[in-house]
Amino acid sequence: MIKYAFLTPADVGTINLDDLNSLIAQLTTSPIKHNLTSFRRFLDQPSLFQLAAFADQHLVGLASLFVVRKIEVKAGLVEGVVVDKKYRRQGIGTKMMELLIEKTRQIGVKHLDLTSHPARVAANRLYLRLGFHLRQTNLYRLDL
Ligand SMILES: CC(C)(COP(=O)(O)OP(=O)(O)OC[C@H]1O[C@@H](n2cnc3c(N)ncnc32)[C@H](O)[C@@H]1OP(=O)(O)O)[C@@H](O)C(=O)NCCC(=O)NCCS
């Protein structure tokens, strides 16, 4: 059975770092490796709701919701959605997104934004199926 929980800094000792770093490596080609201190610091952000999925005590999924207080609106930003390869296609990604959407509604956020590269076929399917729509905007980055 899969269990879902929002993590707080106090939960950091219950997280297996190998599971955590393996998940992060499945999310990006240039991952950073967390230790307990850096992960606690990550969790200790007032704007963050960090969802985790567990199977048999192992961390198998992650999804972050950041609440961004813009000048005109309070918005939600979804980042870091990932399910371990061995656990995909069992509905874990869908369930995590549904829980983040529910949390977003509870805290009175007007809309939820996310980005996903078109090559991420599973992720794009998932977001469209949940009702996200493509916006016409350019995404810019300044590398520093
Ligand atoms: C995206 C991801 C989180 C989905 O997790 P999951 O637990 O497998 O998701 P679900 O089981 O809820 O399935 C979600 C949808 O993706 C589809 N899907 C899953 N794997 C797929 C694949 N390899 N190719 C095409 N569609 C796929 C499922 O069929 C389902 O869509 P459907 O119900 O319309 O058929 C997971 O594939 C993943 O971690 N990918 C790597 C990291 C990533 O791309 N993260 C997103 C960053 S924006």
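Both ligands and their constituent atoms are indexed starting at 1 by order of listing. For the numbers below, each heavy atom of this structure counts, side chains included, while hydrogens, waters and symmetry mates do not.
Counting side-chain heavy-atom gaps under 4.5 Å among Ile, Leu, Val, Met, Phe, Trp and Tyr, Tyr140 is found in no cluster with other residues. Counting side-chain heavy-atom gaps under 4.5 Å among Ile, Leu, Val, Met, Phe, Trp and Tyr, the cluster of Val12 also holds Leu7, Ile15, Leu17, Leu20, Leu23, Ile24, Leu27, Leu36, Phe39, Phe42, Leu43, Leu48, Phe54, Leu59, Leu62, Phe66, Val68, Leu77, Val82.
On a distance-only criterion, Leu126 and ligand 1 share no N/O pair closer than 3.5 Å. Considering backbone and side-chain N/O atoms, Ala123 never comes within less than 3.5 Å of an N/O atom of ligand 1. Between Tyr127 and ligand 1, a contact under 3.5 Å exists for no N or O pair. For ligand 1, the polar-atom distance check finds an N/O of Gly93 within less than 3.5 Å of one of the ligand's N/O atoms.
Looking only at distances, no side-chain donor or acceptor of Glu79 sits under 3.5 Å from a matching main-chain atom of Leu114. A distance-only check finds a donor-acceptor pair linking the side chain of Asn35 to the backbone of Thr37 [under 3.5 Å]. Between the side chain of Asn124 and the main chain of Val121, no donor-acceptor pair closer than 3.5 Å is present.
Every atom of ligand 1 with a heavy atom of Ser116 under 4.0 Å away is listed here by number and element: 48 (S). Close approach of ligand 1 to Arg125 is summarised as follows: ligand atoms under 4.0 Å from at least one heavy atom of the residue are 26 (N), 31 (O), 32 (P), 34 (O), 35 (O). The ligand atoms of ligand 1 that sit less than 4.0 angstrom from a heavy atom of Thr94 are 10 (P), 12 (O), 14 (C). For ligand 1, the atoms sitting less than 4.0 Å from at least one non-hydrogen atom of Val81 are 3 (C), 42 (C), 43 (C), 45 (N), 46 (C), 47 (C), numbered in the order shown with element in parentheses. Each of the atoms 10 (P), 11 (O), 12 (O) of ligand 1 lies under 4.0 Å from some heavy atom of Gly91.
For Thr115, every heavy-atom contact with ligand 1 shorter than 4.0 Å involves the backbone, none the side chain. If you look at Arg89 next to ligand 1, the close heavy atoms, those under 4.0 Å, come from the backbone and the side chain alike. Of the heavy atoms in Gln26, only backbone atoms (N, CA, C, O) come closer than 4.0 Å to ligand 1. Heavy atoms of Arg120 found under 4.0 angstrom from ligand 1 belong exclusively to the side chain. At a heavy-atom distance under 4.0 Å, only backbone atoms of Gln90 (N, CA, C or O) approach ligand 1.
You'll find the side chain of Gln57 stays beyond 4.5 Å of the side chain of Asn16, heavy atoms only. Side-chain contact between Tyr4 and Lys95: present, with at least one pair of heavy atoms (C-beta onward) separated by less than 4.5 Å. Looking at heavy atoms from C-beta onward, Lys70 lies in side-chain contact with Val73 at the 4.5 angstrom threshold. Using a 4.5 Å heavy-atom cutoff, the side chains of Leu112 and Phe132 are in contact.
In terms of protein heavy-atom proximity, atom 15 (C) of ligand 1 is closest to Arg129 NH2, 3.7 Å. Of the protein's non-hydrogen atoms, the one nearest atom 21 (C) of ligand 1 is Ala122 CB, 3.3 Å. With hydrogens left out, the protein atom closest to atom 38 (C) of ligand 1 is Arg88 NE, 3.4 Å, a heavy atom.
Counting protein heavy atoms under 4.0 angstrom from atom 2 (C) of ligand 1 gives zero.
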Worked verdict on Gln26 versus Lys85 for side chain to side chain contact (heavy atoms under 4.5 Å, CB included): CA-CA 8 Å; Gln26 294 174 55; Lys85 278 200 250 2; 3.4 Å; yes
